[in-house]
Amino acid sequence: MLEVKFNLATGQYTSIPDTQHALKLTGFNKLTTAQQFLLRQFILKQQVNASPYHAVTSDSKTTQSDIRKLKAYVEESRQHQPKFHDTLLGWLIIFLMFALPIFLAYHFSDWLQSNYVSFWIEMMMHRAHTSIHWIDQVLYGDYGVLSLGIYSLVWALPVVVMIGISTAVIDQTQLKQFVVWSIEPTMRKVGLDGQDIIPVLEGFGCNAAAITQANSQCSACTKENCMSIISFGSSCSYQIGATLSIFSAAQHSWLFVPYLLLVFIGGIIHNKLWYRNKTQFHVTPPIYRNKLQWPKLKHLLQQIWGTIEMFLLQALPIFIGICIVVSLLSLTPILKIIALVFTPLLYLLHIPDSMAPGILFSMIRKDGMLLFNFGNGAVLQSLTPASLLVLVFFSSTFSSCMVTVSMMAKHLGLKKSGALIGRQMATSIGLTLVIALLAGVLI
(Lines give C-alpha, C1' and ligand atoms only; values in the text may rest on other atoms or scores of the structure.)
Protein backbone atom coordinates (compact mmCIF):
# COMPACT_ATOMS: atom_id res chain seq x y z
CA MET A 1 0.00 0.00 0.00
CA LEU A 2 1.18 3.51 -0.81
CA GLU A 3 2.29 5.64 2.16
CA VAL A 4 2.09 9.36 2.92
CA LYS A 5 4.58 10.57 5.52
CA PHE A 6 4.02 13.70 7.61
CA ASN A 7 6.92 15.02 9.70
CA LEU A 8 5.62 16.29 13.05
CA ALA A 9 8.79 18.28 13.72
CA THR A 10 9.04 20.16 10.40
CA GLY A 11 5.49 20.03 8.95
CA GLN A 12 6.77 18.60 5.66
CA TYR A 13 4.93 15.74 3.94
CA THR A 14 5.15 13.56 0.85
CA SER A 15 2.74 13.72 -2.09
CA ILE A 16 -0.83 12.52 -1.57
CA PRO A 17 -2.04 9.89 -4.09
CA ASP A 18 -5.62 9.73 -5.35
CA THR A 19 -5.93 6.08 -4.34
CA GLN A 20 -6.25 4.57 -0.87
CA HIS A 21 -3.04 4.81 1.14
CA ALA A 22 -1.58 4.85 4.67
CA LEU A 23 -0.88 8.09 6.57
CA LYS A 24 2.25 7.79 8.75
CA LEU A 25 3.39 10.42 11.25
CA THR A 26 7.16 10.68 11.64
CA GLY A 27 9.48 12.62 13.97
CA PHE A 28 7.45 11.87 17.10
CA ASN A 29 10.54 11.02 19.15
CA LYS A 30 12.09 14.37 18.22
CA LEU A 31 9.28 16.22 19.96
CA THR A 32 9.56 17.34 23.56
CA THR A 33 7.31 15.87 26.24
CA ALA A 34 5.14 18.99 26.13
CA GLN A 35 4.78 18.74 22.34
CA GLN A 36 3.88 15.03 22.55
CA PHE A 37 1.26 15.76 25.18
CA LEU A 38 -0.16 18.53 23.00
CA LEU A 39 -0.28 16.17 19.99
CA ARG A 40 -2.31 13.60 21.88
CA GLN A 41 -4.80 16.28 22.92
CA PHE A 42 -4.86 17.75 19.39
CA ILE A 43 -5.62 14.42 17.68
CA LEU A 44 -8.53 13.77 20.04
CA LYS A 45 -9.93 17.30 19.89
CA GLN A 46 -9.59 17.79 16.11
CA GLN A 47 -10.54 14.16 15.32
CA VAL A 48 -7.46 13.62 13.20
CA ASN A 49 -7.40 10.20 11.51
CA ALA A 50 -3.75 9.51 12.41
CA SER A 51 -1.56 8.05 15.13
CA PRO A 52 2.06 8.79 16.11
CA TYR A 53 2.62 5.09 16.81
CA HIS A 54 1.48 3.39 13.59
CA ALA A 55 0.30 4.14 10.05
CA VAL A 56 -3.47 4.62 9.52
CA THR A 57 -5.37 3.75 6.33
CA SER A 58 -6.87 6.85 4.69
CA ASP A 59 -8.12 8.34 1.42
CA SER A 60 -7.08 11.47 -0.47
CA LYS A 61 -9.76 13.82 0.86
CA THR A 62 -9.35 12.77 4.50
CA THR A 63 -5.57 13.00 4.34
CA GLN A 64 -5.66 16.51 2.84
CA SER A 65 -7.96 17.64 5.67
CA ASP A 66 -5.83 15.93 8.33
CA ILE A 67 -2.60 17.44 7.00
CA ARG A 68 -4.09 20.95 7.16
CA LYS A 69 -4.91 20.30 10.82
CA LEU A 70 -1.50 18.78 11.50
CA LYS A 71 0.27 21.79 9.97
CA ALA A 72 -1.66 23.98 12.42
CA TYR A 73 -0.46 21.68 15.20
CA VAL A 74 3.17 22.09 14.10
CA GLU A 75 2.89 25.88 14.32
CA GLU A 76 1.29 25.70 17.76
CA SER A 77 3.73 23.09 19.06
CA ARG A 78 6.76 25.26 18.31
CA GLN A 79 5.66 27.51 21.16
CA HIS A 80 6.28 24.57 23.51
CA GLN A 81 9.80 23.90 22.26
CA PRO A 82 12.73 25.47 24.14
CA LYS A 83 14.79 27.92 22.16
CA PHE A 84 18.58 27.77 22.02
CA HIS A 85 18.93 30.37 24.77
CA ASP A 86 16.55 28.37 27.00
CA THR A 87 18.66 25.23 26.58
CA LEU A 88 21.86 27.19 27.18
CA LEU A 89 20.43 28.71 30.35
CA GLY A 90 19.25 25.31 31.56
CA TRP A 91 22.71 23.78 31.24
CA LEU A 92 24.27 26.88 32.81
CA ILE A 93 22.01 26.42 35.85
CA ILE A 94 23.06 22.77 36.10
CA PHE A 95 26.72 23.77 35.83
CA LEU A 96 26.40 26.42 38.56
CA MET A 97 24.29 24.03 40.63
CA PHE A 98 27.38 21.85 41.09
CA ALA A 99 30.39 23.98 40.18
CA LEU A 100 29.80 26.66 42.81
CA PRO A 101 29.13 24.24 45.73
CA ILE A 102 32.15 22.10 44.80
CA PHE A 103 34.36 25.20 44.48
CA LEU A 104 33.32 26.45 47.93
CA ALA A 105 33.58 23.00 49.52
CA TYR A 106 37.04 22.41 48.08
CA HIS A 107 38.47 25.66 49.40
CA PHE A 108 36.90 25.14 52.82
CA SER A 109 38.23 21.56 53.07
CA ASP A 110 41.67 22.59 51.87
CA TRP A 111 41.79 25.40 54.45
CA LEU A 112 40.56 23.09 57.22
CA GLN A 113 43.05 20.34 56.41
CA SER A 114 46.03 22.66 55.96
CA ASN A 115 45.46 24.69 59.11
CA TYR A 116 44.00 22.22 61.58
CA VAL A 117 43.41 18.60 60.56
CA SER A 118 46.93 17.67 59.37
CA PHE A 119 48.47 19.15 62.52
CA TRP A 120 45.91 17.45 64.78
CA ILE A 121 46.38 14.03 63.17
CA GLU A 122 50.17 14.29 63.33
CA MET A 123 50.01 15.25 67.01
CA MET A 124 47.66 12.34 67.78
CA MET A 125 49.90 9.86 65.96
CA HIS A 126 52.92 10.92 68.03
CA ARG A 127 51.28 11.25 71.44
CA ALA A 128 48.37 8.85 71.62
CA HIS A 129 49.91 5.48 70.75
CA THR A 130 48.92 2.43 72.77
CA SER A 131 50.92 -0.64 73.71
CA ILE A 132 48.69 -2.87 71.55
CA HIS A 133 49.92 -2.98 67.94
CA TRP A 134 46.65 -3.82 66.21
CA ILE A 135 44.79 -1.00 68.01
CA ASP A 136 47.51 1.43 66.88
CA GLN A 137 47.09 0.11 63.35
CA VAL A 138 43.30 0.58 63.43
CA LEU A 139 43.58 4.12 64.81
CA TYR A 140 46.78 5.55 63.29
CA GLY A 141 47.99 3.14 60.60
CA ASP A 142 48.00 3.79 56.86
CA TYR A 143 44.26 3.02 56.74
CA GLY A 144 43.46 4.09 60.32
CA VAL A 145 40.18 5.58 61.49
CA LEU A 146 41.92 8.76 62.68
CA SER A 147 44.78 8.94 60.19
CA LEU A 148 42.58 8.33 57.13
CA GLY A 149 38.93 8.09 58.16
CA ILE A 150 38.86 11.71 59.30
CA TYR A 151 39.30 12.76 55.67
CA SER A 152 35.79 11.51 54.94
CA LEU A 153 34.51 14.23 57.26
CA VAL A 154 36.96 16.86 56.08
CA TRP A 155 36.43 16.36 52.34
CA ALA A 156 33.11 14.56 51.82
CA LEU A 157 30.89 16.32 54.39
CA PRO A 158 31.40 19.88 53.03
CA VAL A 159 30.56 18.64 49.52
CA VAL A 160 27.44 16.88 50.83
CA VAL A 161 26.32 20.02 52.67
CA MET A 162 26.96 22.43 49.79
CA ILE A 163 25.36 20.23 47.12
CA GLY A 164 22.49 19.55 49.53
CA ILE A 165 21.89 23.31 49.81
CA SER A 166 22.14 23.74 46.04
CA THR A 167 19.68 20.96 45.17
CA ALA A 168 17.26 22.04 47.90
CA VAL A 169 17.19 25.60 46.52
CA ILE A 170 16.60 24.30 42.97
CA ASP A 171 13.78 22.08 44.27
CA GLN A 172 12.05 24.59 46.50
CA THR A 173 12.12 27.46 43.96
CA GLN A 174 10.54 25.29 41.23
CA LEU A 175 13.58 26.03 39.06
CA LYS A 176 14.02 22.32 38.42
CA GLN A 177 10.90 22.28 36.21
CA PHE A 178 12.41 24.90 33.90
CA VAL A 179 15.69 22.98 33.75
CA VAL A 180 13.89 19.73 32.85
CA TRP A 181 11.97 21.41 30.03
CA SER A 182 14.91 23.42 28.67
CA ILE A 183 17.39 20.55 28.34
CA GLU A 184 14.97 17.88 27.15
CA PRO A 185 16.03 18.07 23.45
CA THR A 186 19.62 17.43 24.55
CA MET A 187 18.59 14.56 26.79
CA ARG A 188 16.73 12.90 23.91
CA LYS A 189 20.02 12.66 22.00
CA VAL A 190 21.46 10.36 24.67
CA GLY A 191 18.33 8.18 24.87
CA LEU A 192 16.75 9.75 27.95
CA ASP A 193 13.49 11.56 28.54
CA GLY A 194 13.48 15.12 29.85
CA GLN A 195 12.10 13.92 33.17
CA ASP A 196 15.04 11.52 33.48
CA ILE A 197 17.41 14.40 34.22
CA ILE A 198 15.85 14.61 37.70
CA PRO A 199 17.18 11.24 38.94
CA VAL A 200 20.43 11.85 37.03
CA LEU A 201 20.89 15.09 38.99
CA GLU A 202 19.83 13.30 42.17
CA GLY A 203 22.69 10.91 41.49
CA PHE A 204 25.17 13.71 42.18
CA GLY A 205 23.88 13.57 45.75
CA CYS A 206 23.46 9.82 46.17
CA ASN A 207 23.37 7.18 43.41
CA ALA A 208 21.27 4.74 45.46
CA ALA A 209 18.53 7.31 46.08
CA ALA A 210 18.66 8.28 42.38
CA ILE A 211 18.14 4.65 41.30
CA THR A 212 15.02 4.45 43.47
CA GLN A 213 13.75 7.71 42.00
CA ALA A 214 14.47 6.51 38.46
CA ASN A 215 12.45 3.36 39.12
CA SER A 216 9.36 5.34 40.14
CA GLN A 217 9.72 8.30 37.78
CA CYS A 218 11.25 7.08 34.51
CA SER A 219 9.15 5.31 31.92
CA ALA A 220 9.58 1.57 31.39
CA CYS A 221 11.39 2.36 28.13
CA THR A 222 13.99 4.68 29.63
CA LYS A 223 14.34 3.23 33.12
CA GLU A 224 17.31 0.97 32.41
CA ASN A 225 19.03 3.67 30.31
CA CYS A 226 18.61 6.17 33.13
CA MET A 227 19.92 3.78 35.80
CA SER A 228 22.88 2.98 33.57
CA ILE A 229 23.95 6.60 33.13
CA ILE A 230 23.44 7.26 36.87
CA SER A 231 25.61 4.27 37.73
CA PHE A 232 28.38 5.29 35.35
CA GLY A 233 28.24 9.05 34.92
CA SER A 234 26.69 10.61 38.04
CA SER A 235 29.48 11.28 40.56
CA CYS A 236 27.84 11.17 43.99
CA SER A 237 28.79 13.74 46.63
CA TYR A 238 30.84 11.15 48.57
CA GLN A 239 32.76 10.31 45.40
CA ILE A 240 33.30 14.00 44.65
CA GLY A 241 34.61 14.62 48.16
CA ALA A 242 36.97 11.64 47.91
CA THR A 243 38.36 12.68 44.53
CA LEU A 244 38.86 16.27 45.72
CA SER A 245 40.87 14.89 48.63
CA ILE A 246 42.91 12.55 46.40
CA PHE A 247 43.81 15.21 43.84
CA SER A 248 44.64 17.66 46.62
CA ALA A 249 46.87 15.13 48.44
CA ALA A 250 48.64 14.44 45.14
CA GLN A 251 49.08 18.21 44.63
CA HIS A 252 47.19 18.08 41.34
CA SER A 253 43.87 19.71 42.24
CA TRP A 254 43.43 20.94 38.66
CA LEU A 255 42.72 17.35 37.56
CA PHE A 256 39.26 17.47 39.12
CA VAL A 257 37.58 19.29 36.20
CA PRO A 258 38.88 16.96 33.44
CA TYR A 259 38.02 14.03 35.71
CA LEU A 260 34.35 15.08 36.04
CA LEU A 261 34.11 15.67 32.29
CA LEU A 262 35.61 12.26 31.53
CA VAL A 263 33.19 10.50 33.89
CA PHE A 264 30.13 12.25 32.46
CA ILE A 265 31.19 11.85 28.82
CA GLY A 266 32.07 8.22 29.60
CA GLY A 267 28.51 7.71 30.86
CA ILE A 268 27.09 9.05 27.58
CA ILE A 269 29.43 6.86 25.51
CA HIS A 270 28.50 3.87 27.67
CA ASN A 271 24.79 4.39 27.00
CA LYS A 272 25.39 4.90 23.28
CA LEU A 273 27.35 1.64 23.11
CA TRP A 274 24.88 -0.55 24.96
CA TYR A 275 21.45 1.09 24.51
CA ARG A 276 21.06 1.80 20.80
CA ASN A 277 17.43 0.76 20.39
CA LYS A 278 14.97 3.55 19.64
CA THR A 279 13.16 4.57 22.79
CA GLN A 280 9.43 5.17 22.98
CA PHE A 281 9.24 8.01 25.49
CA HIS A 282 6.29 8.39 27.80
CA VAL A 283 3.94 11.33 27.32
CA THR A 284 3.20 13.40 30.42
CA PRO A 285 1.72 16.87 30.88
CA PRO A 286 4.18 19.76 30.49
CA ILE A 287 5.34 21.05 33.87
CA TYR A 288 7.70 23.84 32.91
CA ARG A 289 5.01 26.51 33.24
CA ASN A 290 5.28 26.52 37.04
CA LYS A 291 6.26 29.98 38.28
CA LEU A 292 9.37 30.53 40.35
CA GLN A 293 8.75 30.96 44.06
CA TRP A 294 10.72 31.85 47.15
CA PRO A 295 11.62 28.71 49.10
CA LYS A 296 10.01 28.21 52.48
CA LEU A 297 12.79 28.23 55.06
CA LYS A 298 11.36 25.34 57.06
CA HIS A 299 11.08 23.01 54.04
CA LEU A 300 14.47 24.14 52.77
CA LEU A 301 16.21 23.34 56.07
CA GLN A 302 14.39 20.02 56.35
CA GLN A 303 15.61 18.91 52.91
CA ILE A 304 19.19 20.05 53.62
CA TRP A 305 19.24 18.32 57.00
CA GLY A 306 17.89 15.11 55.43
CA THR A 307 20.91 15.04 53.11
CA ILE A 308 23.37 15.69 55.97
CA GLU A 309 21.67 13.14 58.21
CA MET A 310 21.96 10.45 55.55
CA PHE A 311 25.70 11.09 55.33
CA LEU A 312 26.28 11.10 59.10
CA LEU A 313 24.11 8.08 59.90
CA GLN A 314 24.67 5.92 56.83
CA ALA A 315 27.73 6.85 54.76
CA LEU A 316 30.22 7.87 57.48
CA PRO A 317 29.78 4.77 59.68
CA ILE A 318 30.27 2.50 56.65
CA PHE A 319 33.48 4.27 55.67
CA ILE A 320 34.83 4.08 59.24
CA GLY A 321 33.99 0.37 59.13
CA ILE A 322 35.97 0.08 55.88
CA CYS A 323 38.97 1.75 57.58
CA ILE A 324 38.80 -0.75 60.46
CA VAL A 325 38.49 -3.77 58.15
CA VAL A 326 41.33 -2.67 55.83
CA SER A 327 43.56 -1.81 58.81
CA LEU A 328 43.12 -5.31 60.20
CA LEU A 329 43.59 -6.90 56.76
CA SER A 330 46.84 -4.96 56.35
CA LEU A 331 48.25 -7.06 59.19
CA THR A 332 47.72 -10.17 57.02
CA PRO A 333 48.72 -11.15 53.44
CA ILE A 334 45.08 -10.82 52.30
CA LEU A 335 45.45 -7.33 50.79
CA LYS A 336 48.38 -8.54 48.68
CA ILE A 337 46.28 -11.45 47.44
CA ILE A 338 43.41 -9.08 46.60
CA ALA A 339 45.85 -6.85 44.73
CA LEU A 340 46.57 -9.67 42.28
CA VAL A 341 43.14 -9.15 40.68
CA PHE A 342 44.03 -5.63 39.56
CA THR A 343 47.80 -6.07 39.21
CA PRO A 344 47.82 -6.66 35.41
CA LEU A 345 45.88 -3.45 34.72
CA LEU A 346 47.88 -1.44 37.27
CA TYR A 347 51.09 -2.72 35.71
CA LEU A 348 49.98 -1.53 32.26
CA LEU A 349 49.18 1.88 33.73
CA HIS A 350 52.49 2.21 35.63
CA ILE A 351 50.63 2.34 38.96
CA PRO A 352 51.89 0.52 42.12
CA ASP A 353 49.77 -2.48 43.10
CA SER A 354 49.53 -0.99 46.61
CA MET A 355 46.67 1.05 45.13
CA ALA A 356 44.58 -2.08 44.58
CA PRO A 357 42.74 -1.94 47.97
CA GLY A 358 41.45 1.53 47.06
CA ILE A 359 39.97 0.15 43.84
CA LEU A 360 38.39 -2.80 45.64
CA PHE A 361 36.83 -0.76 48.42
CA SER A 362 35.59 1.90 46.00
CA MET A 363 33.30 -0.89 44.78
CA ILE A 364 31.85 -1.09 48.29
CA ARG A 365 31.57 2.67 48.78
CA LYS A 366 32.76 5.35 46.37
CA ASP A 367 34.54 7.21 49.15
CA GLY A 368 36.54 4.01 49.59
CA MET A 369 38.89 5.69 47.12
CA LEU A 370 40.17 7.68 50.09
CA LEU A 371 42.30 4.61 50.79
CA PHE A 372 44.59 5.95 48.05
CA ASN A 373 45.61 8.61 50.59
CA PHE A 374 47.58 6.13 52.71
CA GLY A 375 51.06 7.16 53.82
CA ASN A 376 50.06 10.84 53.86
CA GLY A 377 49.64 10.72 50.08
CA ALA A 378 53.28 9.82 49.37
CA VAL A 379 52.41 7.20 46.73
CA LEU A 380 49.85 9.52 45.12
CA GLN A 381 52.49 12.22 44.77
CA SER A 382 54.80 9.78 43.02
CA LEU A 383 52.29 9.24 40.20
CA THR A 384 52.24 11.34 37.05
CA PRO A 385 49.08 13.46 36.58
CA ALA A 386 48.00 11.23 33.66
CA SER A 387 48.41 8.02 35.69
CA LEU A 388 46.54 9.55 38.63
CA LEU A 389 43.67 10.68 36.42
CA VAL A 390 43.37 7.24 34.82
CA LEU A 391 43.47 5.52 38.23
CA VAL A 392 40.71 7.67 39.72
CA PHE A 393 38.58 7.41 36.55
CA PHE A 394 38.80 3.61 36.60
CA SER A 395 38.02 3.40 40.33
CA SER A 396 35.02 5.68 39.87
CA THR A 397 33.46 3.89 36.92
CA PHE A 398 34.38 0.20 37.23
CA SER A 399 31.33 -0.49 39.36
CA SER A 400 28.67 1.26 41.40
CA CYS A 401 28.88 1.07 45.18
CA MET A 402 27.24 -1.97 46.77
CA VAL A 403 24.24 0.01 48.01
CA THR A 404 23.51 1.23 44.47
CA VAL A 405 23.97 -2.27 43.07
CA SER A 406 21.51 -3.64 45.63
CA MET A 407 18.96 -0.96 44.64
CA MET A 408 19.31 -1.92 40.96
CA ALA A 409 18.88 -5.59 41.84
CA LYS A 410 15.76 -4.74 43.82
CA HIS A 411 14.14 -2.77 40.99
CA LEU A 412 15.45 -4.58 37.88
CA GLY A 413 16.07 -8.08 39.20
CA LEU A 414 19.37 -9.93 39.55
CA LYS A 415 19.70 -10.82 35.86
CA LYS A 416 19.18 -7.32 34.44
CA SER A 417 21.16 -5.55 37.14
CA GLY A 418 24.01 -8.07 36.78
CA ALA A 419 24.08 -7.48 33.03
CA LEU A 420 24.04 -3.71 33.57
CA ILE A 421 27.04 -3.85 35.94
CA GLY A 422 28.84 -6.29 33.61
CA ARG A 423 28.44 -3.85 30.71
CA GLN A 424 29.65 -1.02 32.92
CA MET A 425 32.80 -2.95 33.87
CA ALA A 426 33.52 -3.71 30.21
CA THR A 427 33.04 -0.07 29.19
CA SER A 428 35.14 1.17 32.12
CA ILE A 429 38.08 -1.08 31.25
CA GLY A 430 37.85 -0.16 27.56
CA LEU A 431 37.64 3.60 28.19
CA THR A 432 40.42 3.42 30.79
CA LEU A 433 42.75 1.80 28.27
CA VAL A 434 41.78 4.31 25.56
CA ILE A 435 42.36 7.29 27.90
CA ALA A 436 45.66 5.78 29.06
CA LEU A 437 46.74 5.27 25.45
CA LEU A 438 45.86 8.84 24.49
CA ALA A 439 47.59 10.19 27.61
CA GLY A 440 50.73 8.18 26.88
CA VAL A 441 50.41 6.12 30.07
CA LEU A 442 49.81 2.69 28.56
CA ILE A 443 52.85 0.47 27.96
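- Contact record, P385 with H252: CG-CE1, 3.6 Å, taken as the closest heavy-atom pair.
- For F264, the CZ atom counts as loosely surrounded, since its 6.0 Å shell holds 12 or fewer non-hydrogen atoms of other residues, nucleotides or ligands.
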Worksheet entry | L244 and S109: CA distance, side-chain angles, deciding distance, side chain to side chain contact (heavy atoms under 4.5 Å, CB included) verdict | CA-CA 9 Å; L244 283 173; S109 297; over 6 Å; no

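- Partners of D171 by salt bridge (charged side-chain N to carboxylate O under 4.0 Å, His left out), not counting sequence neighbours, listed by chain and number: K176.
- Each salt bridge (Lys or Arg N to Asp or Glu O under 4.0 Å) pair with one or both residues in residues 148-163, not counting sequence neighbours, would appear here, but there are none.
- Q239 approaches S396 most closely through the heavy-atom pair NE2-CB, 3.3 Å.
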Fill in: Evaluation steps, side chain to side chain contact (heavy atoms under 4.5 Å, CB included), between L300 and V169
CA-CA 7 Å; L300 188 68; V169 169; 4.1 Å; yes

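- Pairs passing the side chain to side chain donor-acceptor pair (under 3.5 Å) check and including a residue from residues 324-333, sequence neighbours excluded, read Q137-S330.
- A donor-acceptor pair under 3.5 Å is formed between the side chain of Q35 and the backbone N or O of S77.
- Inter-residue side-chain proximity for V263 and Y259 is flagged as met; some heavy-atom pair is nearer than 4.5 Å.
- Applying the side-chain hydrogen bond (donor to acceptor under 3.5 Å, both in side chains) test to S253 and every residue at least two apart in sequence or in another chain returns Y106.
- At least one side-chain heavy atom of M369 sits less than 4.5 Å from a side-chain heavy atom of V392.
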Item to complete: Take F247 and W254 through the ring pair (Phe, Tyr, Trp, His ring centres under 6.0 Å) test and state the conclusion after the steps.
Response: CA-CA 8 Å; F247 291 137; W254 60 272; 8.6 Å; no

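- Residues passing the ring pair (Phe, Tyr, Trp, His ring centres under 6.0 Å) test with F98 are F204, sequence neighbours excluded.
- For F372, the ring pair (Phe, Tyr, Trp, His ring centres under 6.0 Å) criterion is met by no residue, not counting sequence neighbours.
- Looking at W294 and T173, their side chains never come closer than 4.5 Å, going by heavy atoms from C-beta outward.
- Residues that satisfy the side-chain hydrogen bond (donor to acceptor under 3.5 Å, both in side chains) test with S248, not counting sequence neighbours, are absent from this structure.
- Counted by atom type alone, T427 and W274 present one or more donor-acceptor pairs between their side chains at under 3.5 Å.
- Across all their heavy atoms, P101 and S166 have their closest contact at CG-CB, 3.6 Å.
- In this structure the side chain of T87 reaches within 4.5 angstrom of the side chain of T186, judged on heavy atoms.
- Taking the ring pair (Phe, Tyr, Trp, His ring centres under 6.0 Å) definition, one finds that H107 meets it with F103, sequence neighbours left out.
- In terms of the ring pair (Phe, Tyr, Trp, His ring centres under 6.0 Å) criterion, residue partners of F394 (sequence neighbours excluded) are, by chain and number, F398.
- Applying the side-chain hydrogen bond (donor to acceptor under 3.5 Å, both in side chains) criterion to S231, with sequence neighbours excluded, gives S400, Q424.
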Can you give me every donor-acceptor pair (side chain of residues 432-442, partner residue at least two apart or in another chain, under 3.5 Å) with its distance?
unit_1, atom_1, unit_2, atom_2, d
T432, OG1, S428, O, 2.6

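- Residue I211 holds its CD1 atom at 7.5 Å from CG of L412, rounded to the nearest 0.5 Å.
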Item to complete: Please test H270 against F232 for ring pair (Phe, Tyr, Trp, His ring centres under 6.0 Å), starting from the C-alpha separation and ending with a verdict.
Response: CA-CA 8 Å; H270 171 65; F232 197 107; 5.1 Å; yes

Discussion item. Assess the residue pair D86 and W181 against the criterion (side chain to side chain contact (heavy atoms under 4.5 Å, CB included)); give the C-alpha distance rounded to whole Å, side-chain angles, the decisive distance to 0.1 Å, and a yes or no.
Written reply: CA-CA 9 Å; D86 294 318; W181 167 74; 3.6 Å; yes

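- Taking all atoms of both residues into account, the shortest heavy-atom contact from V74 to N7 is CG2-O, 4.4 Å.
- Here I421 contributes atom CD1 and S417 contributes atom OG; the two are 7.5 Å apart, rounded to the nearest 0.5 Å.
- Atom OG1 in T404 sits 11.0 Å away from atom CE in M227 (nearest 0.5 Å).
- Residues L39 and F28 meet the side-chain proximity criterion, which asks for heavy atoms closer than 4.5 Å.
- For the pair I163/I240, a side-chain contact is recorded, criterion being any heavy-atom separation below 4.5 Å from C-beta on.
- The structure places CG of L389 at 8.5 Å from CZ of F393, a figure rounded to the nearest 0.5 Å.
- A distance of 11.0 Å separates OG1 of T307 from CG of L312, quoted to the nearest 0.5 Å.
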Discussion item. Could you go through M355 and L383, starting from their C-alpha distance and side-chain angles, then the distance that decides it, and tell me whether this counts as side chain to side chain contact (heavy atoms under 4.5 Å, CB included)?
Written reply: CA-CA 11 Å; M355 291 296 190; L383 298 177; 4.2 Å; yes

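- At a threshold of 4.5 Å between non-hydrogen side-chain atoms, the residues I93 and I170 count as touching.
- Here the closest non-hydrogen pair linking A250 and L388 is CB-CD2, 3.4 Å.
- Side-chain contact between P52 and I43: present, with at least one pair of heavy atoms (C-beta onward) separated by less than 4.5 Å.
- Minimum heavy-atom separation, L380 to A249: CD1-CB, 4.1 Å.
- Sequence neighbours left out, the pairs with a member in residues 412-426 that pass salt bridge (Lys or Arg N to Asp or Glu O under 4.0 Å) are E224-R423.
- Interatomic distance, CG of L360 versus OG of S395, reported as 10.5 Å (0.5 Å rounding).
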